[in-house]
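Per chain, numbering begins at 1; letters A, B, ... match sequence-line order.
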Amino acid sequence: MLTIPEMKNRAKIHRKNLEKIFYPDSVAIVGANKVKGTVPYDILMSIVNANFNGVIFPVSPREKFIAGIKSYKYVLDIEDPVDLAILVFPSAVCHLALEQCGQKGIKSVIIISAGFREIGGAGIEREQQLKAIAEKYDMSFIGPNCLGVINTDPQSSLNASFARKMPEEGPIGFLSQSGALCTAVLDYARAKHIGFSKFISFGNKADISEIDLLYYLMDDPKTKVILLYLEEVTNGRDLLEAARTVKTKSGKPILIIKSGRTEAGAAAAASHTGSLAGSDEICDAAFEQAGIIRCHNIVEMFNRAIAFAYQPIPKSNKVAIITNAGGPGVLTTDAVIHSGLQLARFSEETAKHLKRYLPSTANRSNPIDVIGDARADRYNAAMTATFKDDDVDAVFVILTPQSMTDIDLIAREIAKVSSHYQKPVYASFMGQADVQEGIEVLQRNRIPHYQIPESMADALSNVYLFHTQDGKLVPPHTFDDVNAAEAKKILDRNIQQGNHLLAENESIEVLRHYGLSTLPAKLATTHKEAEKIAHEIGYPVAMKVVSNEIAHKTDVGGIILNINNAKEAAEAFNTIINNVKLKLPDAQLNGVLISPMVFEGEEVILGMKRDPAFGPVLMFGMGGIYVEVYKDVSFRVAPVSEMEATQMIERIKGYPLLQAFRGREAKDIEALRLSIMRLSQLTLECEQIKELDINPLIVLSKGCYVVDAKIMV
Amino acid sequence: MEKSEITTRVKKVVSEVLEIPTAEIGDDANFIFDLGANSMQSVLLVGAFEEEFNIEMDEDKALEVQNIADAVDFIGGYV
């Protein structure tokens with residue numbers, strides 16, 4: 001494992017070496033052979049066939065020439081300098097080849113070979129060996145276990161992969177952890193004339209990771225949009241930082257497919273937060289915080305990517321819809337509204353123009369229905385009018401193929417008219433066979449085409465939201481009235497004593513040290529003490545068992561509420577102790593905690609789970625059945641700024657319950673927001689805490705109080 | 001059997017299977033990296049060694065052997 005400074009140093013080395021991975025003047029294919037249909041041969045031929053702008057050196061133990069190119073036994077035998085080595089040897093000897101690359105002074109390497117970490121056992125050791133060699137020589141490598149790298153920039157024209165064909169040049173940078181998915185994506189994209197700037201399969205990401213590649217693509221002038229297929233997030237906080245940097249420095253969107261959306265493991269968690277915060281929910285929240293657009297499948301990803309890549313950014317979310325069929329117009333209108341976009345209101349001038357050029361049976365308001373027999377001239381009239389209208393900032397054109405519809409002419413008309421305006425246009429030619437010719441025209445002219453019109457609304461809303469949301473990281477507020485030392489003392493003491501769960505009174509104490517408001521509560525160890533404490537606090541009171549071994553007090557009869565006098569207090573004490581001893585005879589009990597009853601306010605839950613990839617993740621939700629049954633919760637990765645705390649509160653469906661309605665007073669949202677921010681600071685400063693639940697936190701019209709809390713260390 | 005004899009006979013087998021002159025086969029030559037053996041030839045080498053030395057080897061372990069020197073040691077354990 002590298003230390004943080006060593007990792008930062010490696011990242012610097014990668015940034016330098018990545019340039020020669022994409023723009024090498026010379027490439028050695030190490031482990032090449034003459035056998036057609038094998039990876040070593042096909043990679044060599046991919047480079048040759050893509051007309052690589054540089055020198056190619058096959059390196060093969062056996063061959064003197066491959067495909068007419070002089071071959072070398074060892075990379076050390078090449079007299080000229082080599083910028084990039086592509087290793088295609090079996091995994092067992094890759095370390096020998098990499099060692100020679102290091103001796104030769106080659107800094108940039110792609111390791112295609114499989115048989116490393118992905119197979120476990122000896123494969124893990126082999127991968128470690130490669131990393132050690134790379135570190136020794138300040139080399140950087142992509143892979144192992146990958147498809148390779150493609151750079152369509154004519155300056156390089158490098159297809160260092162075993163994909164079947166070089167893709168078209170375009171503004172999309174594609175990164176994938178899965179090599180096989182890459183070939184499918186390339187085939188899909190080729191059929192739709194979607195071009196790529198850089199195409200990278202990074203496999204096991206043993207050395208160069210997706211984070212290094214994100215920074216590279218951020219600075220790559222050929223890339224406008226970055227797509228990433230990820231199977232595992234290994235360093236979530238660095239990924240978020242990279243995504244934020246890419247957004248703020250370059251304005252380039254990052255679209256991610258993160259597979260592995262389901263997880264069964266969370267079910268056994270000790271806290272509500274633990275059970276609700278699955279890795280997928282955390283990814284959703286984290287990506288949103290960093291301005292990453294999460295996509296659920298390849299089609300959705302490319303539908304959005306082409307909108308980002310090929311069309312201008314809309315100035316507002318107001319859309320004009322032009323269609324030759326009523327039904328699709330209504331469907332699109334629904335999708336527009338559902339996606340948070342608006343239908344534009346046409347000006348008088350637009351209305352006049354439409355009246356002049358469209359038949360009386362046409363619908364001239366938005367969505368414009370040019371009627372089924374419309375030809376290119378009517379589409380032209382509708383597009384010209386709407387593009388000119390100041391209230392229109394994007395145009396959706398829908399076509400259904402009637403007998404008289406001149407499909408390819410209309411497609412050409414869309415390309416021609418839209419080229420005069422800095423407003424995005426998307427099209428949906430509905431159908432498959434008859435409309436194909438028109439779709440080809442659209443795709444070749446970089447007009448995003450969508451099989452169903454609803455996808456246009458999804459794509460535009462993503463583009464619009466991305467450019468309106470501020471991606472800057474707002475530094476969180478740091479509270480200076482906290483007592484971190486005392487909180488840590490309690491946590492450390494429990495760790496030393498081997499307690500995984502803090503007793504409730506200690507959990508509350510930790511929260512109190514971070515400025516969260518708590519109810520006055522005292523621990524009774526006898527029924528006599530219970531009587532006395534209950535009297536001091538004032539009736540009615542609540543009584544709860546306190547133990548480091550009991551996570552779910554209700555399950556063991558450990559809670560009695562609404563105790564109104566001394567006799568009830570003494571009885572409740574004995575009942576709780578007896579109940580718990582019956583259910584858990586061996587549990588060590590600290591006593592019974594007595595606190596005042598709270599009858600007002602709204603119950604909410606606050607929690608934290610320390611995620612292995614993203615660190616502390618906070619959860620907020622309405623309490624009681626809302627969290628139990630509806631799982632109405634929101635997440636954010638700490639640190640949580642004031643704005644993010646607000647988003648957490650407003651995001652849940654139960655948010656209106658915290659606002660004034662039907663004579664009920666609004667709850668103290670500010671106090672709640674501050675509690676979330678204080679909790680964020682606690683979880684960042686006290687790394688001992690693994691999981692935490694405040695359930696419930698009662699929010700009153702003024703203030704809020706921790707009523708019950710659970711901290712796991 | 002003397003180690004030098006095993007080495008000579010191992011090189012002879014390798015020369016025949018991989019079609020490389022024995023003079024070009026070093027004592028530490030790696031079957032794949034230096035001599036260019038592919039996976040099929042690796043399997044053939046194991047069979048040829050068994051025939052040459054009239055032994056029966058653990059095939060999985062035999063296939064893990066990477067170079068001439070290790071092959072000599074490995075076969076030495078059987079003869």
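Proximity to chain B (any heavy atom under 4.5 Å) is shown, for A/Glu63, by neither the backbone nor the side chain. B/Asn30 touches chain A through its side chain: at least one heavy atom from C-beta onward sits under 4.5 Å away, while N, CA, C and O do not. Residue B/Ile32 touches chain A through both its backbone and its side chain, counting heavy-atom pairs closer than 4.5 Å. Within the 4.5 angstrom heavy-atom criterion, only side-chain atoms of B/Ile20, from C-beta onward, approach chain A.
Side-chain atoms of A/Ser161 never come within 3.5 Å of backbone atoms of A/Val149 as a donor-acceptor pair (strictly under, hydrogens ignored).
Taking 4.5 Å as the limit, every side-chain heavy atom of B/Asp34 sits out of range of all side-chain heavy atoms of A/Pro61. Contact check for B/Met1 versus B/Phe53: side-chain heavy atoms found under the 4.5 Å cut-off. Looking at A/Thr234 and A/Ser209, their side chains never come closer than 4.5 Å, going by heavy atoms from C-beta outward.
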